[in-house]
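Residues: numbered from 1 along the sequence shown. It should be emphasised that the depicted structure is a prediction, and the values quoted were computed from it without experimental measurement.
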Amino acid sequence: YEGSPALARQLVQCLEDEGVEVQRPPRPREETHDIGDMSERVVVDLVVKGASAAMVVAVKKFRDRFKERVEIEGEE
């Protein structure tokens with residue numbers, strides 16, 4: 001995930017709402033990027049476990065809600 005720290009928590013919530021297990025390491029890799037006038041952005045690696053259909057539904061709901069404010073890798 002890359003985007004707002006607050007939206008990272010929303011992504012986790014969307015995944016959990018669909019029954020996907022999200023592993024939260026004690027110290028996840030987070031990279032903070034200072035982009036001048038733009039709000040703070042982080043890169044967070046999430047490890048998820050569950051049905052791929054549930055993951056697709058969760059990511060779609062998240063994307064529909066937050067549109068182009070985020071980037072998610074590994075969707076396919």
Side-chain angles (χ1 to χ4, degrees):
Y1 165 85
E2 181 175 341
S4 160
L7 293 183
R9 290 185 288 279
Q10 291 296 317
L11 175 58
V12 168
Q13 187 63 52
C14 285
L15 289 162
E16 291 176 340
D17 287 350
E18 294 301 320
V20 176
E21 179 183 334
V22 180
Q23 295 179 4
R24 300 179 190 171
R27 301 207 38 116
R29 180 179 73 90
E30 294 189 7
E31 300 174 11
T32 302
H33 300 279
D34 181 14
I35 310 178
D37 298 3
M38 296 180 70
S39 62
E40 179 183 25
R41 294 175 61 87
V42 295
V43 175
V44 180
D45 294 327
L46 298 174
V47 177
V48 297
K49 180 180 176 182
S52 59
M55 292 177 205
V56 169
V57 169
V59 170
K60 182 178 182 338
K61 286 181 180 179
F62 179 76
R63 281 195 179 280
D64 289 348
R65 185 170 178 195
F66 297 108
K67 304 285 183 220
E68 310 229 352
R69 294 169 46 188
V70 298
E71 296 174 31
I72 303 172
E73 294 181 17
E75 291 181 67
E76 294 151 33

Sequence neighbours excluded - salt bridge (Lys or Arg N to Asp or Glu O under 4.0 Å) pairs with any residue from residues 6-16: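 Passing the test, one end in residues 6-16: E16-R24.
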By side chain to side chain contact (heavy atoms under 4.5 Å, CB included), A51 pairs with (sequence neighbours left out) A54
Non-hydrogen atoms of [X] and [Y] that approach each other most closely:
{"X": "L7", "Y": "F62", "value": "O-CE1, 3.4 Å"}
{"X": "M55", "Y": "V48", "value": "SD-CG2, 3.7 Å"}
{"X": "A58", "Y": "C14", "value": "CB-O, 3.5 Å"}

Do the side chains of V57 and V20 join up, straight or via other hydrophobic residues, at under 4.5 Å, putting them in one cluster?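 In one cluster: no.
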For the atom pair CD (Q13) and CD (E18), what is the distance rounded to the nearest 0.5 Å?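 One gets 10.5 Å once the value is rounded to the nearest 0.5 Å.
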Measuring from atom CG of L15 to atom NZ of K61, what distance do you get when rounded to the nearest 0.5 angstrom? 11.0 Å
